[in-house]
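To start, the structure under review is shown below, and the notes come after it.
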Amino acid sequence: MQRIGIIGVGEIGRAVVEGLRHGGGASPEVFLSPRGARAAAELSERFEGVRVCAGNQDVVDRSEVVIIAVRRQDHREALAGLRVDDDTTVISLMAGVATDDLRRTLATGAPIVRAIPLPAVRERRSVTVTCPSHPVADSLFDQLGQALPVADEGAFDVFSALTGTLTTHYAYLATLTSWAAGHGIAPDTAERYVRGLFGNVGRSLENEARSLHRLAADHETPGGNNERIRTTWFDPANAAALRKALDGLLDDLR
């Protein structure tokens with residue numbers, strides 16, 4: 001891959017560019033759409049070989065791989081009239097936009113791959129789900145961490161729904177911090193402790209030799225503090241409510 005275009009330079013588009021430039025070395029040329037003009041201009045100033053194009057068609061014409069990262073409610077307007085050659089590889093980062101829908105919008109025979117890169121692509125640490133497996137897309141996301149190909153869009157949508165839980169996790173940590181502050185702990189001290197506590201939990205997840213259930217059991221003493229919070233707050237009703245919310249999101253994505 002020598003030339004990559006990105007249409008829609010939001011947070012994930014920015015993270016992809018930063019990941020491609022992470023650690024220096026040889027990197028492909030990157031062409032950015034003017035959509036997200038401030039972020040695109042800032043990236044072009046920071047990185048050599050990153051350019052802002054006059055429009056979306058200009059991005060497509062210059063690129064071998066085109067990454068589409070606009071909001072799904074905007075995609076028809078943003079992509080209307082684009083001409084995409086069949087030898088271009090299209091990578092869609094749009095949740096809830098099926099491959100057939102995007103192909104009708106673009107009216108192209110080009111290969112279309114859906115992907116779910118996470119913000120950690122900027123450090124080349126993201127596990128990125130792709131569908132279907134494609135050598136160009138999988139190679140790109142292996143470079144940015146690890147590609148995780150799945151065979152069908154039904155499975156892909158399940159992974160897409162899982163990503164909808166990220167900000168809930170941050171809000172959970174913020175709630176813990178504000179609870180501690182309400183009991184007299186300085187807010188910055190409480191936040192520092194919560195970040196350290198769950199940062200260590202994150203590192204323990206890298207050990208795939210232990211299942212998530214095993215990790216939970218290893219951190220829990222019968223009758224202890226962790227068991228008390230898990231069984232009194234994250235009880236069967238709470239778990240069922242989470243599953244119901246995820247089912248609703250999955251239905252919407254499909």
Side-chain angles (χ1 to χ4, degrees), residues 1-21 26-37 39-40 43-44 47-118 121 124 126 128-153 156 160:
M1 290 172 289
Q2 299 301 316
R3 302 185 305 277
I4 295 177
I6 301 178
I7 297 176
V9 190
E11 177 60 20
I12 292 298
R14 176 196 290 270
V16 168
V17 174
E18 292 173 342
L20 289 170
R21 291 301 188 266
S27 300
E29 288 185 274
V30 178
F31 300 96
L32 305 178
S33 71
R35 195 179 187 94
L43 289 167
S44 68
F47 300 115
E48 184 179 355
V50 176
R51 307 176 191 176
V52 182
C53 294
N56 291 343
Q57 188 63 56
D58 192 23
V59 173
V60 172
D61 291 344
R62 293 174 179 268
S63 304
E64 299 167 290
V65 178
V66 175
I67 297 173
I68 301 175
V70 301
R71 297 184 303 175
R72 64 172 167 171
Q73 58 267 39
D74 299 334
H75 82 278
R76 289 188 177 88
E77 177 186 354
L79 306 177
L82 278 185
R83 301 179 305 279
V84 181
D85 292 341
D86 290 356
D87 60 355
T88 302
T89 301
V90 176
I91 300 176
S92 170
L93 310 188
M94 298 181 292
V97 179
T99 300
D100 288 346
D101 187 5
L102 180 57
R103 188 174 300 285
R104 284 192 294 270
T105 299
L106 295 176
T108 182
I112 296 176
V113 181
R114 298 180 68 187
I116 314 173
L118 304 176
V121 290
R124 299 189 176 186
S126 173
T128 300
V129 178
T130 61
C131 178
S133 180
H134 187 279
V136 172
D138 292 348
S139 174
L140 171 63
F141 292 114
D142 277 338
Q143 181 182 346
L144 297 174
Q146 177 186 345
L148 179 61
V150 297
D152 62 79
E153 289 190 279
F156 182 89
S160 186

Which heavy atom of [X] sits nearest to which heavy atom of [Y], and what is that distance?
X	Y	answer
Phe141	Leu93	CZ-CD2, 4.5 Å
Leu118	Thr128	N-OG1, 4.5 Å
Ala69	Gly8	CB-O, 3.4 Å
Ala115	Ile91	CB-CG2, 3.9 Å
Asp142	Ala147	OD1-N, 2.8 Å
Glu64	Gln2	OE1-N, 2.8 Å

Could you check whether any side-chain N or O of [X] sits under 3.5 Å from a backbone N or O of [Y], counting only pairs where one atom can act as donor and the other as acceptor?
X	Y	value
Asp74	Val70	no
Asp86	Gly109	yes
Ser63	Val59	yes
Arg103	Ala98	no
Arg14	Ala40	no
Glu153	Cys131	no
Ser92	Arg114	no
Arg3	Arg62	yes

What I'd like to find out is whether the side chain of [X] reaches to under 4.5 Å of the side chain of [Y], using heavy atoms alone.
X	Y	answer
Thr88	Thr108	no
His75	Ile68	no
Gln143	Leu20	yes
Val84	Val66	no
Leu79	Leu102	yes
Phe31	Asp61	no
Val52	Val9	no
Val30	Arg21	yes

Arg71 atom CZ: more than 12 heavy-atom contacts under 6.0 Å: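 Check fails, neighbour count at 12 or below.
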
Gln73 atom CD, neighbour heavy-atom count above 12 within 6.0 Å: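 Correct, the count exceeds 12.
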
Hey, what do you get for [atom1] ([X]) to [atom2] ([Y]), rounding to the nearest 0.5 Å?
X	Y	atom1	atom2	result
Met94	Asp101	CE	CG	8.0 Å
Asp138	Ser133	CG	OG	4.0 Å
Gln146	Thr130	CD	OG1	10.5 Å
Arg51	Leu43	CZ	CG	15.0 Å

Partner of Ile7 by side-chain contact (heavy atoms from CB on, under 4.5 Å), out of Ile67, Val60, Leu32: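 It is Val60, the one option of Ile67, Val60, Leu32 that forms the side-chain contact (heavy atoms from CB on, under 4.5 Å) with Ile7.
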
Step-by-step side-chain contact (heavy atoms from CB on, under 4.5 Å) determination, Leu140 to Ile4: CA-CA 10 Å; Leu140 171 63; Ile4 295 177; 4.0 Å; yes

